[in-house]
Amino acid sequence: MGDEPVNVKEYQELAKQVLPKMYYDYFAGGSEDQHTLRENVDAFQRIIIRPRILVDVSKIDMSTTILGYKTSAPIMIAPTAMHKLAHPEGEILTAKAAAACNVIMGLSFMSTCTIEEVASSCNAVRFFQLYVYKRREIAALMVKRAETNGFKAILLTVDTPKLGRREADIKNKMIAPQLKNFEGLISTEVDDNKGSNLEASASRNFDPSVSWKDIAWLKSITKLPIMIKGVLTREDAIKALEVGVEGIIVSNHGARQLDYVPATISVLEEVVDAVQGRVPVLFDGGIRQGTDVFKALALGADAVMVGRPIVYGLAAKGEYGVRRVIKMLKDELELTMALSGCPTLNDITRNHVRTRVDNHHCRL
Ligand code: GLV
């Protein structure tokens, strides 16, 4: 392999070489049998593109808006935790790369740089990911800080009443760093040397009682639009619309929570059909190349979010690596659009892909 990776998979290889095993396993791993982890990627390979010919593709326009905010491509940085485990400067570099590439950055609730540090280091449009802790005032405080620091939306992650069982982290006795955002608010002591201390701190802090009625509470403490992240069924998409969220994110948390849930790409269409364009639908899980982005757009996503590839770029080459990963995905999407006869995002339709459902009338 040459020094300059040519695709996300090569960035993953580089990240594996440079990261301590404990941290690589944390980022790359899924839960339990890791069935869904493999499926998130493999399910894309079962979707085939139906290109159209003799279309003028001399100009390709990938730009769009998400919640009204401009982005150079329908590709957003997914919130992923603890970037200082990937690079000593952490989320500040990720945010700078987002700004340089003109894409929107999702900042994790469990970031290692503070909300304020990230906000002051770049002018990228930023959304803030939220978990609700048992001590509700912490969520309220974080939302306030995000608002004050110019974040534009809340990405409420709802698939984590408890942390999924990540066996690699348990074996490695994964040590998560203290999170500066919570200094003085929660105990960040390492109190469990038997397994993953991330798991121990999650079970101390995450509130498993959070339910649909709490969306009203969240709406009462913020004016920011709320996107609900972790929807995998038509039933929950409909409920999310009923409680009045501004967006839906089809996500299985990068296959880190419940194992044996479907690959996100295989349930995207079900959710899109239920939502019927009433709010934007974002998508994450398994995006590794431009054709994957194209397939998700064809199945109805308004934009995709990319998680692990960003972390791999950061680990391998810092801010430059994150920029390269975003640029590669954008270039690959641009090429896919050209080769399939779609000069604009609106030209990408359901007819541009064939899934197993189309072939066999059975679910993927
Ligand atoms: C945190 O959200 C994680 O998935 O580790």
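Residue numbers start at 1 and run along the sequence shown.
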To the nearest 0.5 Å, atom CE of Met142 lies from atom OG1 of Thr114 at 10.0 Å
Taking side chain to side chain donor-acceptor pair (under 3.5 Å) as the criterion, tell me which of Glu117, Glu91, Lys84 meets it with Thr112. Glu91
Indicate the ring-plane relationship of His35 and Tyr260, choosing parallel, tilted or perpendicular according to the 30° and 60° boundaries. parallel
For Arg46, is there an ion pair with Asp42 - N to carboxylate O distance below 4.0 angstrom? no
Lys144 atom NZ: more than 12 heavy-atom contacts under 6.0 Å: no
Please round to the nearest 0.5 Å and tell me the distance separating atom CD1 of Ile226 and atom CG of Leu130. 9.0 Å
A quick test of your reading: do over 12 heavy atoms of other residues, nucleotides or ligands sit less than 6.0 Å from CZ of Arg165? no
Would you kindly confirm whether Val41 and Leu232 end up in one hydrophobic cluster when ILVMFWY residues are joined by side chain heavy atoms under 4.5 Å apart? no
Lys213, NZ: over 12 other non-hydrogen atoms inside 6.0 angstrom: yes
Between the OG atom in Ser201 and the CD atom in Gln178, the distance rounded to the nearest 0.5 Å is 10.5 Å
Looking at every heavy atom in both Tyr131 and His253, which two are closest together, and how far apart are they? OH-CE1, 3.0 Å
Sequence neighbours left out, cut at 3.5 Å: what donor-acceptor pairs do the side chains of residues 298-307 make with other protein atoms?
{"residue": "Asp302", "atom": "OD2", "partner": "Val281", "partner atom": "N", "Å": "2.8"}

Spacing of CD1 belonging to Ile310 relative to CE belonging to Met105, to within rounding of 0.5 Å: 9.5 Å
Enter the distance from Ile115:CD1 to Phe151:CZ here, rounded to the nearest 0.5 Å. 6.0 Å
